[in-house]
Amino acid sequence: MNKADKIFICLVVLSSFLLYIPLLLHDWQNRDKEKTVVVHYRNEEVLREDLHKDGVYTVQATMGEVQIEIKDDAVRVEKENSPYHLCSIQGWVSDTGRPIICLPNELVVQIEAKEATDNGVDTVIQ
Amino acid sequence: MMNKTRKMMSVTMLVAISILFHLIESMIPIPVPIPGFKLGLANIVGLIALYLYDEKIMLSVNLMRVLLASLLRGILFAPGFWLSLSGVLLSSCAAILAKKYSSMTRFGVSCASSAFHVIGQVIAVTFIYNQFLMGALLPILLLLSIPTGLFTGYLAGQVLERLAIERNESI
């Protein structure tokens, strides 16, 4: 390895950390907000549930049924049918920056933060 | 002097080996819970083609590999094929530019090609599935592309050294 190699490797490592900062920031901004679990299948929303409500939900996807479990403010894919079972191996997710992506099933499980509505702006004047 | 037929035969062999690597790699699951992560064994052959011959040969070896391996797996023109194609196009271009316009060694060229393979795949996912969520995985995939790039670069270097010794002996 020469100097140019090392410079390039440092650049890539640096840029990957730089790309991670917006995700962390986004997470930090949403840490106190109410969170909902949103499941997308082929660009359409198929499930939207509160993260505080425990339960197991079943969604139809490309390769069969996918079971999504919500428990203790975290969400995971419990059962699914895909070649490597990557999305069930990924396990529990509880923050907004890490979606569970299952490409063979074309399914995305993500946690979204609700916009704050308790500041009294939402009133009607007659 | 290497004549035309011999060159064609060697390139065909390279394509065959890279198809084999591509198929084997898609059969072995890697116990890392990150979608899209793989070793990039087929890239070794691409690098060997780049250093033994030229840019054109490398590009054609890589394109033929993606086309034929997808045909053999029965996923031609499916989403998986477009992911491979965009990844391999961007990574080949990166490797060619890195070799031509910088003083990087095989390790650097290999790292460049694996990093840009990740970027190409993330771009393809964004377009095919119409969402930016894969962008959340880009940092970790980029970071992991460096060790795998060094690994493939090392292997390609080893093969090239042995090939050079054999050639000198036969001449």
Side-chain angles (χ1 to χ4, degrees), chain A residues 1-27 38-45 61-62 76-77 80 82-93 95-112, chain B residues 26-38 73 75 78-80 83 94 97-99 101-116 118-119 121-122 124-125 128-147 149-150 153-154 157:
Chain A
M1 283 213 281
N2 63 12
K3 211 174 161 191
D5 291 348
K6 280 168 192 161
I7 290 171
F8 179 78
I9 290 168
C10 288
L11 269 178
V12 173
V13 171
L14 205 72
S15 63
S16 69
F17 279 114
L18 281 179
L19 282 167
Y20 196 59
I21 289 174
L23 295 175
L24 276 180
L25 213 68
H26 188 245
D27 229 40
V38 182
V39 180
H40 282 275
Y41 169 60
R42 279 195 188 150
N43 216 21
E44 60 185 84
E45 196 181 304
T62 316
R76 70 163 174 179
V77 173
E80 108 289 0
S82 67
Y84 307 139
H85 303 288
L86 283 175
C87 45
S88 47
I89 292 170
Q90 197 176 336
W92 298 98
V93 171
D95 47 34
T96 51
R98 258 189 301 272
I100 304 175
I101 301 167
C102 190
L103 284 188
N105 278 312
E106 298 175 75
L107 199 79
V108 176
V109 180
Q110 206 200 8
I111 294 170
E112 279 179 10
Chain B
S26 62
M27 282 169 196
I28 304 169
I30 300 164
V32 180
I34 298 160
F37 175 71
K38 55 179 181 161
R73 283 174 68 196
I75 57 159
L83 290 187
L97 290 177
K99 189 184 176 243
Y101 297 111
S102 77
S103 58
M104 285 198 263
T105 59
R106 285 160 198 157
F107 291 104
V109 172
S110 171
C111 283
S113 95
S114 72
F116 276 88
V118 166
I119 294 170
Q121 289 207 318
V122 169
V125 168
I128 291 171
Y129 297 102
N130 245 329
Q131 49 205 347
F132 303 98
L133 294 177
M134 201 71 183
L137 286 169
L138 187 60
I140 184 95
L141 282 174
L142 260 183
L143 206 60
L144 282 171
S145 81
I146 293 300
L150 288 175
Y154 172 75

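Just so we're clear, the structure is a prediction, and the values are computed from it rather than from any experiment. So you know, we letter chains A, B, ... as the sequences are listed, proteins then strands, and number each from 1.
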Nearest-0.5 Å distance that lies between atom CG in L142(B) and atom OG in S15(A) = 5.5 Å
Gap between atom CG of L19(A) and atom CD1 of I140(B) - 0.5 Å precision | 12.5 Å
Distance in Å, T105(B) OG1 paired with K3(A) NZ, rounded so as to fall on 0.5 Å steps | 14.5 Å
Taking all non-hydrogen atoms of both residues, which atom of S103(B) and which atom of A4(A) are closest, and how far apart?
-> OG-CB, 3.5 Å
Give the minimum heavy-atom separation between F8(A) and C111(B), together with the two atoms involved.
-> CE2-C, 3.8 Å
To the nearest 0.5 Å, what is the distance between CG (D5(A)) and CZ (R106(B))?
-> 11.5 Å
Which portion of L143(B) sits near chain A, non-hydrogen atoms under 4.5 angstrom = both
Set of residues satisfying salt bridge (charged side-chain N to carboxylate O under 4.0 Å, His left out) with respect to E45(A), sequence neighbours excluded = R48(A)
Within a strict 4.5 Å, meaning less than it, do heavy atoms of the I9(A) and L150(B) side chains meet?
-> yes
Contact part of A98(B) toward chain A, heavy-atom cut-off under 4.5 Å: side chain, backbone, both or neither?
-> neither
